[in-house]
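Following: one structure in structure tokens, then a few remarks.
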Amino acid sequence: MDARAHEPERERLAAAQEGGPGRLGFRRARALSALRHLGPHRAGDARRGRVARRPARAGRGEGGAQGRAARGPATLAEKPFSRRGWVFEIKYDGVRVIAERRGDQVKMLGRSGEDITARYPEIAEALGALAVPHFVLDGEIVAYDESGRPSFARLQKRMLLSRPRDVAAAMARVPVRAVFFDCLALEGCDLRKLGLLDRKECLARALPPAGVVQAGDHVEEHGEAFFEAASEMGLEGIIAKRGDSPYTGKRSTDWVKVKCQRRQEFVVGGYTDPRGGGRHFGALHVGVYEDGRLVHVTRVGSGFDDAMQDKLWPQLQSLARKDSPFGDTGPDTRADHWVEPRLVCEVRFTEWTADGGLRHPIFIGMRDDRKPEDVRREEGREAESEPLPESDVASDDAQAGGDGASDGVPSDDAGDGGAGEARAGPVARGGAGSAGGERVVRLSNVKKTFWPDDGYTKGDLIGYYETVAPLMLPYLRDRPIVLTRYPDGIKGKSFFQKDAPVFVPDWVRTESVYSKDSERDIKYFVLDDVESLRYVANMGTIPIHAWSARSGSLERPDWLVLDLDPKGAPFAHVIEVALALRRILDDLELPGHPKTSGATGLHVLLPLGRRYTHEESKTFARLLATLVQHEKPEISTLARPLHARGGKVYVDWGQNGHGNTIVAPYSLRPLPGAPASCPLKWSEVNGRLDPARFNLRTLPKRFEKLDDPLAGVLGPGLDMGTAIVAIEERMHREGPP
DNA sequence: GGACACG
DNA sequence: CGTGTCCAACGCAAT
DNA sequence: ATTGCG
Ligand SMILES: [Mn+2]
Ligand SMILES: [Mn+2]
């Protein structure tokens, strides 16, 4: 999944080391004579300059319960060190594993000796495929987050599974690898009495340096440079071990851990102006007390969201003062503003710099349980696990938390499901700014490829929406919408966005809607005009999802939607179900208009004319869906769980509640070919219908000479009362569903 | 994509 | 300048 | 309470 993505980091680490002081001697351990007959794992493998990979740092503070329990109470060092005879390894944030292979038999044991082979079948398989048929290895199973860093939170999604079904499903979502750092036995030789370096030499002969199973890297002697590079990469930490130590498998006092991340409280003494517009402030000025006076330490501008800025801003205003509380120990320019030093915040960082600043400061949160006067520079506090502080003697029980980085791949209807990988794609600066109230979008990166298979760029995306704006805007105007953003194109990471960030120019309309769930107002985008549409397109928005209700009548939807979702079912069946629905609507004298979802499904919209509530709409939709399913029981279903659908078309009536959305008519989809959700005439709903034919390139042409077939949806609404009478008559004729 | 901080 | 880090949803029902 | 789904 992400193998590629890590390569650059690996190179960086290697480079950082080579350039480092004294250049690292990758002294190869002497090959063991007993094992000389084993060739190197790869032809010509000198393992030169190979260094650790694997960024780390999310997840539990402590390198995983497993590691701790099994590897014993390694002491914790405050500072990295370099020492002859010592070996330095990356501290992986994973789960301990002992893997044994005897010919065809592979067995993996967890920390307390439980058999975890079935839980990680891909690793067992990779071990079974190695050239060396007999071994016992000690290592760590690791999962990675989107940006390629080890994520204990992700790994937990697999740690608890046991049913083969669940495991198989999770394999695709949470790929894992195993990194081994020790070799207990190889080709029948017990290696446990050998020194660590010798065992690592054997390890390198059994395992490749990269892959689903890999030999963990290490360097000798030069711990500081290694630590430096590890910190640079955001790794969790390093472990130092004596190079000549025999295998103990258990507690080892000659192991020393050094963590990269630190955190402590700081006093807020001011803030800077934001560089762009939008935010209240750019960064906070923070410091600590030293000999009774407040000393400036750093600015910290990363880590708060808009909500935190909003919360902080009034407090900063009320504490405003003219001169710097840091005296002459900090900056004082026109862009700096000062406050009474009464607020305390917590900051995560990698290290103190020589001149008393911080490297990589990240704001964590405000702390009101700490008096500002008590805030001093602390020497030895390393960071705990990120989401929740946790006692050191943690058990292995799960706790979600994590960085909340759900790989939100929007699906809407019959979705692709193609989750994006984080790619090391080209990065470019650029801005869409509000030039003094001027309704002009400054487009950025218009040549960036968004659909690599088709060669369409972000400029094409924006151009498309500009072109179809006259057709599309009637379905967007006055409506809260939800963006699905793909800033790096359809293969990149994606996310939903409801709340308009503070930096959007004020000429883009927003509508505040209270969210019960998050207990706050969400400022939804509202796209009333082509400029606003261009603005969100420039943000990398591909699909636009629209509410069925408009501002001013948010509880009274304009339409009802029935969503026909295949998901394995043949498209011909979708057509057949849609036509059955149409016959029912005709029978009941109800209006209904079809559109493609843009993926593989069809939407049928019925005008409601703001006559009913969302609840009423949903109830009526369920009634209609039931009639359809009754009409086509062999090929349609009302069952939501995928496994219960049995290859039938899902008649989804449930997307008619408050706050539910549909892919807006004419909206593009993040799929190869750039298909659009395209309104249809009923006469087009037949066996020759191919949804892929309506796309970024072709759709504008289609509507040059075709009126919007969906227009009726915004017209007079249907009458449920009349329809229900007709339904009763129909049931008399045909029997109850 | 856009906001930071850093080198 | 370029680089890296952080942030950007929610409402359900089923188990 | 956690997950699956859209
Ligand atoms: Mn659908
Ligand atoms: Mn980006």
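What's counted below: heavy atoms across the whole structure, side chains too, no hydrogens, waters or symmetry copies. As the structure is a prediction and not an experimental result, all values here were calculated from the model.
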Checklist entry - A:D652 near the nucleic acid: base, sugar-phosphate alone, or nothing, with a heavy-atom cut-off under 4.0 Å? => result sugar-phosphate
Next on the checklist: Between C1' on C:dT5 and CZ on A:R359, what's the gap in Å once rounded to a whole number?
Outcome noted: 14 Å
Item to check | Qualifying residues under side-chain hydrogen bond (donor to acceptor under 3.5 Å, both in side chains), relative to A:D521, sequence neighbours excluded | outcome: none
Checklist entry - Does a side-chain N or O from A:R520 land closer than 4.0 Å to OP1 or OP2 of C:dC10, or not? => result yes
Checklist entry - When all nucleic acid strands are considered with a 4.0 Å heavy-atom cut-off, which category describes A:L483: base, sugar-phosphate, or nothing? => result nothing
Checklist outcome for this item: Winner on side-chain proximity to A:R299, out of D:dG6, B:dA5, B:dG1, is B:dA5
Checklist entry - What nucleic acid atoms does A:D499 come within less than 4.0 Å of, heavy atoms only: base, sugar-phosphate, or nothing? => result sugar-phosphate
Next on the checklist: Can you see if the side chain of A:N445 gets near the phosphate of B:dG2 - specifically, an N or O under 4.0 Å from OP1 or OP2?
Outcome noted: no
Checklist entry - To the nearest Å, how far apart are A:D488 CG and C:dG4 P? => result 14 Å
Next on the checklist: Tell me the interatomic distance from A:D336, atom CG, to B:dC4, atom P, rounded to whole angstroms.
Outcome noted: 14 Å
Checklist entry - Looking at the rings of A:Y456 and A:F450, which for Trp means the six-membered one, are their centres under 6.0 Å apart? => result no
Next on the checklist: So, does A:T298 get its side chain near the phosphate of B:dC6, meaning an N or O under 4.0 Å from OP1 or OP2?
Outcome noted: yes
Could you list all N or O pairs between the protein and nucleotides 13-15 of chain C that sit under 3.5 Å apart?
none

Item to check | Spacing of A:R622 atom CZ relative to C:dC12 atom P, expressed in whole Å | outcome: 14 Å
Checklist entry - Does A:Y524 have its ring centroid less than 6.0 Å away from the ring centroid of A:W547? => result yes
Checklist entry - Of the candidate nucleotides B:dC4, B:dG2, B:dG1, which contains the atom at the shortest distance from the side chain of A:F503? => result B:dG2
Item to check | Inter-nucleotide C1' distance (D:dC5, C:dA9), Å rounded | outcome: 14 Å
Item to check | Atom P, compared across B:dG2 and C:dC10: separation rounded to whole Å | outcome: 22 Å
Next on the checklist: With a cut-off of less than 4.0 Å, is there a side-chain N or O of A:K567 near OP1 or OP2 of D:dG6?
Outcome noted: yes
Next on the checklist: What is the separation between atom CD1 on A:I364 and atom C1' on C:dT5, rounded to the nearest whole Å?
Outcome noted: 14 Å
Checklist entry - For A:K595 and A:S677, does a side-chain donor sit closer than 3.5 Å to a side-chain acceptor? => result yes
Next on the checklist: Does a side-chain N or O of A:S302 approach OP1 or OP2 of B:dA3 to a distance below 4.0 Å, or not?
Outcome noted: no
Item to check | Toward the 5' end of DNA chain B, by each residue's nearest nucleotide, A:T353 or A:G540 | outcome: A:G540
Item to check | Under-4.0 Å side-chain N/O to phosphate OP1/OP2 contact, A:K516 with C:dC10 | outcome: no
Next on the checklist: With rounding to the closest Å, how many angstrom separate the C1' atoms on B:dG1 and C:dG11?
Outcome noted: 27 Å
Checklist entry - Which of these nucleotides, D:dG6, C:dA8, B:dC4, is closest to any side-chain atom of A:A283? => result B:dC4
Next on the checklist: Does C:dA9 have its OP1 or OP2 closer than 4.0 Å to a side-chain nitrogen or oxygen of A:S515?
Outcome noted: no
Checklist outcome for this item: Across all chains, not counting sequence neighbours, the side-chain hydrogen bond (donor to acceptor under 3.5 Å, both in side chains) partners of A:S515 are A:S518
Checklist entry - Among C:dA8, D:dG6, B:dG2, which nucleotide sits nearest the side chain of A:S444? => result B:dG2
Item to check | A:R279 side chain near B:dG2 phosphate (N/O to OP1/OP2, under 4.0 Å) | outcome: no
Next on the checklist: Taking any heavy-atom pair under 4.0 Å as a contact, classify A:G659: base, sugar-phosphate, or nothing.
Outcome noted: nothing
Checklist entry - To the side chain of A:D305, which of C:dC7, C:dC6, C:dC10 is closest? => result C:dC7
Side chains of residues 275-284 of chain A: which donor-acceptor pairs under 3.5 Å do they make with residues two or more places apart or in other chains?
| from | atom 1 | to | atom 2 | distance (Å) |
| --- | --- | --- | --- | --- |
| A:R279 | NH1 | A:G282 | O | 3.3 |
| A:H280 | NE2 | A:D310 | OD1 | 2.9 |

Checklist entry - Does a side-chain N-to-carboxylate-O contact under 4.0 Å join A:R263 and A:E346? => result yes
Checklist entry - For A:L284, which contact category applies under a 4.0 Å heavy-atom criterion: base, sugar-phosphate, or nothing? => result nothing
Item to check | Aromatic ring proximity A:Y271/A:W313, centre distance under 6.0 Å | outcome: yes
Checklist entry - Taking OP1 and OP2 of C:dC6, is either one under 4.0 Å from a side-chain nitrogen or oxygen of A:R348? => result yes
Checklist entry - Between A:H296 (NE2) and B:dA5 (C1'), how many Å, whole number? => result 13 Å
Checklist entry - What integer distance in Å separates A:Y524:OH from C:dA8:C1'? => result 14 Å
Checklist entry - Please give, in whole Å, the distance from C:dC7 P to A:D310 CG? => result 16 Å
Next on the checklist: So, using side chain to side chain contact (heavy atoms under 4.5 Å, CB included) as the criterion, who are the partners of A:R509 when residues are at least two apart?
Outcome noted: A:D478, A:E511, A:V526, A:D528, A:S551
Item to check | Partners meeting side chain to side chain contact (heavy atoms under 4.5 Å, CB included) with A:S548 (sequence neighbours left out) | outcome: A:P557, A:W559, A:H614
Checklist entry - Looking at the side chain of A:R275, which of B:dC4, C:dA8, D:dG6 is the nearest nucleotide? => result B:dC4
